[in-house]
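Right, one structure below, let's go through it.
Read the numbers this way: they start at 1 and go in the same order the structure lists the ligands and their atoms. All values below come from the heavy atoms of this structure, side chains included, with hydrogens, waters and symmetry mates left out.
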Amino acid sequence: MARAALRTRCSKSMTKKILIATSNSGKLHDFVGAAKTHGIEIAGIPGFSSLPLVVEDGLTFEANARKKAEAYSRYAHGEIVLADDSGLEVDALGGSPGVHSARYAAPDLHNKEPHQPNANTDDDSNNARLLRELKNVPPEKRTGRFVCVLAAARDGKTLATFRGTAEGIILDAPRGENGFGYDPLFYFPQIQKTFAELSAEEKSHYSHRGAAFRKFLDWYDAHSNR
Ligand code: IMP
């Protein structure tokens, strides 16, 4: 076995450390919560904030997740790097904000310019726009879902992707103090709470990100000794 391959295999079996390519502290918090019970350490990529930004111009969550994972895995030789793309799809809005969820309040949203991570708009403005768009939509038509696609890559190549969803209803006013993004407006009927009313453990159990991450863990368990 080549020395580099041996080193990778040993470090994986000893530390079970997975690197996540994100600067979003809310997402990082969710991943750490989901990994806790699996004996896996989740860490950001060292020096992530100084790496070149990846333009998220894919038309799907999967395309953007793969693009980020492939780009950032080139900076972590031999390690598995996970990247996610996620967002909210609202049925009454034809699936919007979708891949534009992080910058829904931007005035140039529908321009053809590629999505730069630094063009993101703040959570309060995004939530305010969502409420405006749904102003005349009755409760029974305010259905939607959070979607998360995770891509696992190593040395610039995608190894696999994993999709998780959570179905809910968009409220007409925020509820709850936890979480991030659209969590306060996303009511999850199964436990009659918004995502912003969930503890970290509950969110990892019910959320799109937790579902995608569990699929990744199954895959990782089956592949981590190869
Ligand atoms: P991206 O995946 O970094 O492109 O952005 C995802 C955006 O979708 C976030 O900035 C949030 O606005 C929204 N989003 C994704 N996942 C969640 C979640 O778990 N809770 C609330 N909002 C989310």
Item checked: Atoms of ligand 1 close to Glu56 [distance to a heavy atom under 4.0 angstrom, numbered from 1] -> 4 (O)
Checklist line | Per-atom contacts of ligand 1 with Gly181, taking only distances under 4.0 Å to non-hydrogen atoms | finding: 21 (C), 22 (N)
Which is closest to [atom] by heavy-atom distance: [options]?
| atom | options | result |
| --- | --- | --- |
| atom 11 (C) of ligand 1 | Phe186, Tyr182, Tyr104 | Tyr182 |
| atom 19 (O) of ligand 1 | His100, Lys27, Lys203 | Lys203 |
| atom 6 (C) of ligand 1 | Ala65, Ala102, Ser86 | Ser86 |

Close approach, [X] and ligand 1, non-hydrogen under 4.0 angstrom:
| X | result |
| --- | --- |
| Phe195 | no |
| Leu88 | no |
| Gly87 | yes |

Margin query: Applying a heavy-atom cut-off of 4.0 Å, say which part of Phe146 lies close to ligand 1: side chain, backbone, both or neither.
Written below: side chain
Next item on the list: Determine, stepwise, if the pair Lys68 / Glu56 fulfils salt bridge (charged side-chain N to carboxylate O under 4.0 Å, His left out).
Entry: CA-CA 8 Å; Lys68 288 188 270 189; Glu56 296 178 39; 3.4 Å; yes
Next item on the list: Kindly determine whether Ser204 and Arg209 satisfy side chain to side chain donor-acceptor pair (under 3.5 Å), including the steps that lead there.
Entry: CA-CA 7 Å; Ser204 89; Arg209 193 161 293 104; over 6 Å; no
Checklist line | Distance in Å, Phe31 CZ paired with Ile20 CD1, rounded so as to fall on 0.5 Å steps | finding: 4.5 Å
Next item on the list: Rounded to the nearest 0.5 Å, what's the gap from CG on Asp84 to CZ on Phe216? Could you check?
Entry: 12.5 Å
Check: Does Asp183, backbone or side chain, put an N or O under 3.5 Å from an N or O of ligand 1?
Finding: yes
Checklist line | Heteroatom distance test (Asp85, ligand 1): nitrogen or oxygen, under 3.5 angstrom | finding: yes
Checklist line | salt bridge (charged side-chain N to carboxylate O under 4.0 Å, His left out) partners for Glu202, two or more places apart | finding: Lys193
Next item on the list: Please name the pair of heavy atoms, one in Gly144 and one in Phe186, separated by the smallest distance, quoted to 0.1 Å.
Entry: O-CE1, 4.2 Å
Note to self: I'd like to know if Glu133 pairs up with Arg129 as an ion pair, taking the criterion as any Lys NZ or Arg NE/NH1/NH2 lying under 4.0 Å from an Asp or Glu carboxylate oxygen.
What the structure shows: yes
Note to self: Show me the pairs that pass salt bridge (charged side-chain N to carboxylate O under 4.0 Å, His left out) and involve residues 167-185, at least two apart or across chains.
What the structure shows: Arg145-Glu167, Arg175-Glu197, Asp183-Lys203
